[in-house]
*Asks:* 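Let me begin by handing over the structure; questions about it come next.
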Amino acid sequence: DAKTTQPNSMESNEEEPVHLPCNHSTISGTDYIHWYRQLPSQGPEYVIHGLTSNVNNRMASLAIAEDRKSSTLILHRATLRDAAVYYCILRGRNNYGQNFVFGPGTRLSVLP
Amino acid sequence: NAGVTQTPKFQVLKTGQSMTLQCAQDMNHEYMSWYRQDPGMGLRLIHYSVGAGITDQGEVPNGYNVSRSTTEDFPLRLLSAAPSQTSVYFCASSSRTGVTDTQYFGPGTRLTVL
């Protein structure tokens with residue numbers, strides 16, 4: 001299975017943009033890139049996903065490199081509520097049933 | 001919709017005791033799964049089910065049993081609790097297992113085994 005690599009931790013100031021990187025150099029052509037986040041003492045929640053094109057939703061934007069070997073989750077204006085662990089996950093057609101592999105993720109701290 | 005619910009929120013067991021962690025979803029999802037999360041780690045898949053009557057093992061199934069008699073419920077049974085099973089347990093569900101389908105997670109059960 002293709003793996004992802006993320007920094008252990010990042011820090012941001014409140015109301016500033018945050019760019020969370022993810023490397024996935026062994027991604028296959030049919031793997032989707034998903035991002036989930038886990039707020040303190042809660043279960044993970046879906047943020048965004050994409051295949052090749054950049055994606056936007058009300059929570060965040062996902063920028064995918066042209067060669068798809070890396071991607072960046074963008075929070076346009078970080079708030080204190082965005083402090084969480086962010087997971088970058090690849091989901092492919094070969095992962096039937098076991099299609100979520102959570103690494104340690106990136107712990108984002110947001111400073112007031 | 002309540003989404004995915006888990007009970008209890010907290011549980012303390014003694015080594016060798018057995019118990020069942022409950023998970024229910026009201027979204028008519030076919031796919032349900034159980035994960036454990038140890039301190040500072042990501043989630044690891046224990047067992048999953050693609051529909052009523054169908055279950056399979058994940059990455060760390062030893063010491064746990066599951067069954068799926070209804071679409072809504074997916075209980076996780078600890079047969080003989082061990083300190084190594086001290087963890088936070090999350091249940092999740094999704095409508096299908098497609099590559100774009102979102103998983104919805106419950107709030108977790110924090111289990112301590114003494």
Side-chain angles (χ1 to χ4, degrees), chain A residues 1-9 22 24 27-53 55 57-60 62 64 68 84-107, chain B residues 2-7 9-10 21 23 25 27 29-51 54-61 66 68 74 87-110:
Chain A
D1 289 337
K3 296 180 72 171
T4 63
T5 305
Q6 300 177 252
N8 290 335
S9 62
C22 180
H24 28 78
I27 191 171
S28 77
T30 55
D31 285 344
Y32 277 76
I33 303 157
H34 288 247
W35 284 81
Y36 280 69
R37 73 178 185 180
Q38 187 174 19
L39 302 174
S41 301
Q42 295 189 28
E45 63 177 358
Y46 169 80
V47 178
I48 200 166
H49 75 271
L51 182 63
T52 56
S53 305
V55 185
N57 67 20
R58 64 175 179 79
M59 289 181 72
L62 176 60
I64 301 172
R68 299 207 332 122
V85 179
Y86 287 78
Y87 300 99
C88 171
I89 299 164
L90 301 183
R91 298 188 66 188
R93 298 186 190 283
N94 294 329
N95 295 25
Y96 180 75
Q98 299 190 40
N99 49 15
F100 271 92
V101 179
F102 284 82
T106 297
R107 182 174 298 278
Chain B
V4 179
T5 58
Q6 293 182 237
T7 56
K9 284 188 168 42
F10 302 93
L21 279 62
C23 174
Q25 51 89 11
M27 297 174 281
H29 284 171
E30 290 296 321
Y31 182 81
M32 296 185 73
S33 54
W34 276 101
Y35 294 84
R36 61 176 287 173
Q37 184 173 36
D38 299 323
M41 307 277 289
L43 281 70
R44 292 185 292 170
L45 184 66
I46 304 171
H47 284 286
Y48 64 95
S49 169
V50 299
I54 306 169
T55 64
D56 206 345
Q57 297 181 350
E59 180 187 356
V60 288
V66 292
R68 183 99 178 268
F74 190 43
S87 191
V88 182
Y89 291 84
F90 292 100
C91 179
S93 75
S94 66
S95 58
R96 296 183 301 272
T97 58
V99 293
T100 61
D101 292 308
T102 299
Q103 281 212 2
Y104 297 86
F105 287 82
T109 293
R110 186 175 296 274

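Since this is a predicted model, take the numbers as computed values, not measurements.
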*Asks:* Using non-hydrogen atoms and a limit below 4.5 Å, what part of residues 44-52 of chain A faces chain B?
*Replies:* A/Pro44, A/Tyr46, A/His49
*Asks:* Roughly how far apart are B/Thr102 OG1 and A/Arg91 CZ, rounded to 0.5 Å?
*Replies:*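 CZ of A/Arg91 is found 7.5 Å from OG1 of B/Thr102.
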*Asks:* What pair of heavy atoms forms the shortest contact from B/Leu43 to A/Phe102, and how long is it?
*Replies:*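 Closest pair (atom of B/Leu43, atom of A/Phe102, distance): N-CB, 3.4 Å.
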*Asks:* Checking B/Thr5 now: which residues fulfil side-chain contact (heavy atoms from CB on, under 4.5 Å) with it, not counting sequence neighbours?
*Replies:* B/Ala2, B/Ala24
*Asks:* Could you look at B/Gln37 and say if it's the side chain, the backbone, both or neither that has a heavy atom under 4.5 Å from chain A?
*Replies:*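 Side chain only.
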*Asks:* Measure from the side-chain N and O atoms of A/Tyr36 to the backbone N and O of B/Gln103, and report whether any donor-acceptor pair falls under 3.5 Å.
*Replies:*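 Flag set: sc A/Tyr36 to bb B/Gln103 pair under 3.5 Å.
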*Asks:* Take atom CZ of A/Arg68 as the centre, draw a 6.0 Å sphere, and report whether it contains more than 12 heavy atoms from other residues, nucleotides or ligands.
*Replies:* yes
*Asks:* Considering all heavy atoms of both residues, which atom of A/Gln38 and which atom of B/Phe90 are nearest to each other, and what is their separation?
*Replies:*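 Scanning both residues, the minimum pair turns out to be NE2-CZ, 3.4 Å.
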*Asks:* Give a yes or no on whether B/Arg44 atom CZ has more than 12 heavy-atom contacts from other residues, nucleotides or ligands under 6.0 Å away.
*Replies:*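 Count over threshold, so yes.
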